[in-house]
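Single-structure report; data block below.
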Amino acid sequence: MKKNITPRHRFFVFVGSNKFFWAIVLLLILEAGWIALTGRYPMAFDEDFHLGLIKIYTHHISPFWDGQASGGDAFGAVARDPSYFYHYIMSFPYRAIEAVTSNLMAQVLILRAINITFFVGGLVVYRRLLAKVGASTQIVNLCLLVFVLIPVTPLLAAQINYDNVIIPLTGLALLLALALKQNSTKKHVDVRGLLWLIIVCLCASIVKYAFLPIFIAIIVFTIVFFKGKYQTIKELRIALLHGWSKIGKIVAASMILAIVLLGGLFIERYGVNILRYHKPVPDCAEVLDYDHCQYYGPWIRDYNFKEQKGNAETSLNNFAFEWIRGMWLRSFFAVDGPASDFQTRGPLTIPGWSGIIFGTLGFIALCLKAKTVWRKYNNSALWLLLGTTLGYLLVLFATNYSMYIETARPVAINGRYLLPVMPFMILLSALGVKEITKNYPKLQIGLVCLIILGFTWGGGALTYILRSNDSWYWHNQHIKVINHAVQNSIGPITPGYRQPTQFLY
């Protein structure tokens with residue numbers, strides 16, 4: 001007798017399917033592609049900075065510098081900046097693009113397409129990583145759907161920015177760390193996996209220095225694993241030798257060569273910086289003088305704020321509130337680039353409040369059901385993702401607070417900095433909610449529908465489209481007409497559309 005399949009069952013089967021995941025990928029491509037084709041260069045997230053550095057490396061075959069790069073004052077102390085590998089590597093495809101066309105718009109659109117591809121690769125990696133927790137494919141897919149519907153996600157993916165590379169590298173590094181633990185036995189260490197992990201972590205560290213706390217979390221995780229698995233150093237050494245014997249000579253030599261090269265690049269920046277300036281990322285003025293640094297936007301902004309600070313109060317409580325609010329606001333807002341002095345528009349009502357409500361409920365649910373979640377799912381994966389998230393957030397908060405003390409202004413608080421760990425935060429919250437509602441299937445369906453509706457109705461790329469105006473677009477009449485058509489059809493039925501500055505004050 002054929003079993004009756006309920007609509008609820010069909011719904012969850014579809015949500016957990018590969019088709020649903022690839023629909024999410026397609027959604028991101030459409031979202032980011034629309035913004036990339038629409039938004040004029042440079043957009044808000046330092047596009048001119050990143051393309052400018054790519055152009056500088058285009059005329060410099062080596063990643064090393066004898067002194068300050070010619071024409072590099074607008075980019076800070078280029079020779080000592082440890083976050084340079086993205087620009088150096090991207091200079092090679094840019095050489096090919098430049099040989100084909102000198103049209104700026106064409107060059108920018110090609111580079112934006114490459115960045116969207118990087119971000120899409122990140123989604124694929126994060127799906128595999130989140131699945132390692134033991135969560136159902138339904139929960140993993142829904143978490144990724146929410147992730148791509150947070151307005152800052154497609155806005156970042158559409159731009160020339162090194163964050164679009166650090167996101168897939170972060171996911172890959174954490175996935176390799178878990179695979180190392182899973183594939184190693186008492187008798188042998190997965191040396192191939194260990195070498196790949198080192199390669200990816202070294203590469204990510206010179207793409208963006210913000211990866212360093214994630215690198216540290218991975219090191220701690222690996223040390224704890226080795227300490228629990230192997231009782232003595234001798235036992236670990238024997239297991240490493242057994243693992244090494246399983247790798248082919250050519251593969252081993254290639255991977256060691258990659259580690260030597262990347263390790264050399266890592267030491268040339270971080271090691272020299274620590275020896276010479278006593279910090280991994282020195283301030284521009286510690287490397288160059290005022291005459292050079294004054295042309296570097298972030299540095300001169302902070303310098304002027306310090307000069308104007310006076311006796312302004314820098315309360316930790318006030319900053320903590322402003323930091324949380326700022327991270328939420330700049331995850332759901334819309335913003336233009338420097339041509340309009342970074343004109344900012346507030347979040348739309350439904351996605352903005354959905355982020356607050358569901359984020360708060362998820363955090364509370366996780367706190368209430370943490371023991372159950374840790375007992376039911378992959379303990380190692382949970383600890384790695386939680387430790388990575390907390391370590392990353394702590395360093396980010398401390399860095400922002402340090403700048404706040406120096407300037408008395410809440411500067412560099414941006415939701416896009418949360419994106420490398422945002423899927424982990426969403427997943428952990430979702431697991432807590434699932435445990436709270438496990439005996440109420442109808443409530444689960446209702447919550448899923450509300451979450452999808454809340455983040456879709458004005459979320460994702462729609463926030464940019466509905467909040468933007470003609471001054472944000474390329475000088476192309478077709479682009480303006482298409483965006484106006486979407487605004488005129490969807491805008492009137494989207495709450496908050498008529499209040500472009502809501503939540504900003």
Side-chain angles (χ1 to χ4, degrees), residues 57 61-64 82-93 117-118 121-122 124-126 128-129 132 162 164-227 229-230 233-272 280 380-381 384 388 420:
Y57 276 104
I61 194 66
S62 167
F64 308 117
S83 307
Y84 73 98
F85 201 53
Y86 167 84
H87 311 106
Y88 178 67
I89 294 299
M90 287 295 290
S91 71
F92 292 97
T117 303
F118 288 143
V124 175
V125 173
Y126 271 69
R128 292 188 61 186
L129 175 61
K132 290 291 184 181
Y162 55 11
N164 292 318
V165 174
I166 208 64
I167 286 173
L169 287 177
T170 295
L172 183 57
L174 294 170
L175 190 61
L176 287 168
L178 289 173
L180 173 64
K181 182 178 186 300
Q182 180 181 345
N183 298 332
S184 296
T185 67
K186 192 76 173 177
K187 293 184 178 180
H188 84 276
V189 173
D190 178 19
V191 174
R192 184 195 294 265
L194 178 60
L195 294 177
W196 271 119
L197 177 60
I198 295 171
I199 289 170
V200 171
C201 287
L202 288 174
C203 181
S205 298
I206 54 177
V207 167
K208 188 174 183 181
Y209 71 86
F211 181 79
L212 291 180
I214 298 173
F215 197 173
I216 293 171
I218 290 172
I219 291 172
V220 171
F221 176 82
T222 305
I223 291 174
V224 170
F225 158 63
F226 281 154
K227 189 174 180 181
K229 192 80 170 179
Y230 310 101
I233 296 296
K234 181 180 178 180
E235 194 175 321
L236 173 60
R237 180 174 60 82
I238 293 172
L240 285 168
L241 290 173
H242 284 168
W244 179 263
S245 67
K246 295 179 179 295
I247 306 178
K249 292 182 179 179
I250 295 178
V251 173
S254 300
M255 297 181 79
I256 292 297
L257 178 60
I259 289 174
V260 170
L261 291 175
L262 289 169
L265 296 176
F266 182 93
I267 293 170
E268 188 273 335
R269 291 301 165 101
Y270 290 109
V272 172
S380 296
L384 178 59
T388 298

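Just so it is clear, the model here is predicted, and its values are computed rather than measured.
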Discussion item. Counting C-beta onward and ignoring hydrogens, is there a side-chain heavy-atom pair between Tyr86 and Asn164 closer than 4.5 Å?
Written reply: no

Worksheet item: In this structure, are over 12 heavy atoms from other groups packed under 6.0 Å from Phe221 atom CZ?
Response: yes

Worksheet item: Below 4.5 Å, heavy atoms only, C-beta onward: do Lys246 and Val191 meet side chain to side chain?
Response: no

Worksheet item: Going by heavy atoms in the side chains, are Thr170 and Tyr126 under 4.5 Å from each other?
Response: yes

Worksheet entry | Verdict with supporting geometry, Ser380 and Phe225, side chain to side chain contact (heavy atoms under 4.5 Å, CB included) | CA-CA 9 Å; Ser380 296; Phe225 158 63; over 6 Å; no

Item to complete: Tell me, yes or no, whether the heavy-atom count around Lys186 atom NZ, taken from other residues, nucleotides or ligands under 6.0 Å, exceeds 12.
Response: yes

Discussion item. Treating Ser184 as the side-chain partner and Asp190 as the backbone partner, does any N or O pair qualify as donor plus acceptor under 3.5 Å?
Written reply: yes

Worksheet item: What's the spacing between Leu236 CG and Leu241 CG if we round to 0.5 Å?
Response: 9.5 Å

Discussion item. As a quick check of understanding, evaluate side chain to side chain contact (heavy atoms under 4.5 Å, CB included) for Trp244 and Leu195, giving each step before the final call.
Written reply: CA-CA 10 Å; Trp244 179 263; Leu195 294 177; 4.0 Å; yes

Fill in: Single hit among Leu178, Thr222, Val224 for side chain to side chain contact (heavy atoms under 4.5 Å, CB included) with Leu384
Leu178

Worksheet item: Looking only at heavy atoms, what is the nearest atom pair of Arg192 and Ile247, with distance?
Response: N-CD1, 3.5 Å

Discussion item. I need the minimum non-hydrogen distance between Ile166 and Ala204, along with the two atoms involved.
Written reply: CD1-O, 3.2 Å

Worksheet item: Any side-chain heavy atom of Ile206 sitting closer than 4.5 Å to one from Tyr270?
Response: yes

Worksheet item: Can you name the nearest heavy-atom pair linking Ile218 to Ala177, along with the distance?
Response: CG2-CB, 4.1 Å

Worksheet item: What's the spacing between Tyr84 OH and Ile89 CD1 if we round to 0.5 Å?
Response: 9.0 Å

Practice prompt. Considering non-hydrogen atoms only, spot the tightest contact between Ala173 and Leu197 and give its length.
Written response: O-CD1, 3.2 Å

Discussion item. Name the residue from Pro82, Cys203, Pro63 that meets the side chain to side chain contact (heavy atoms under 4.5 Å, CB included) definition with Leu265.
Written reply: Pro63

Worksheet item: Hey, is Glu235 close enough to Lys229 for a salt bridge, meaning N to O under 4.0 Å?
Response: no

Discussion item. Testing the 3.5 Å rule here: is there a donor-acceptor pair between the side chains of His188 and Thr185?
Written reply: yes

Item to complete: Looking only at non-hydrogen atoms, find the nearest pair between Pro168 and Val125 and report the distance.
Response: O-CG1, 4.1 Å

Practice prompt. Just say parallel, tilted or perpendicular for the rings of Phe215 and Phe266, cut-offs at 30° and 60°.
Written response: perpendicular

Discussion item. Looking at Lys208, I want to see if its NZ is surrounded by more than 12 non-hydrogen atoms of other residues, nucleotides or ligands under 6.0 Å.
Written reply: yes

Fill in: Test item: Pro280 and Tyr209 side chains (from C-beta on) under 4.5 Å apart, heavy atoms
no

Discussion item. Quick one, Phe211 and Cys201 - any side-chain contact, counting heavy atoms below 4.5 Å?
Written reply: yes

Fill in: Atom pair CG (Leu194) and CD1 (Ile199), whose distance is rounded to the nearest 0.5 Å
10.0 Å

Worksheet item: Heavy-atom count around Leu257 CG within 6.0 Å, excluding the residue itself: above 12?
Response: yes

Worksheet entry | Stepwise side chain to side chain contact (heavy atoms under 4.5 Å, CB included) check, Val189 with Tyr230 | CA-CA 10 Å; Val189 173; Tyr230 310 101; 3.4 Å; yes

Discussion item. Check the orientation of Phe92 and Tyr88. Use parallel for under 30°, tilted for 30 to 60°, and perpendicular for over 60°.
Written reply: perpendicular

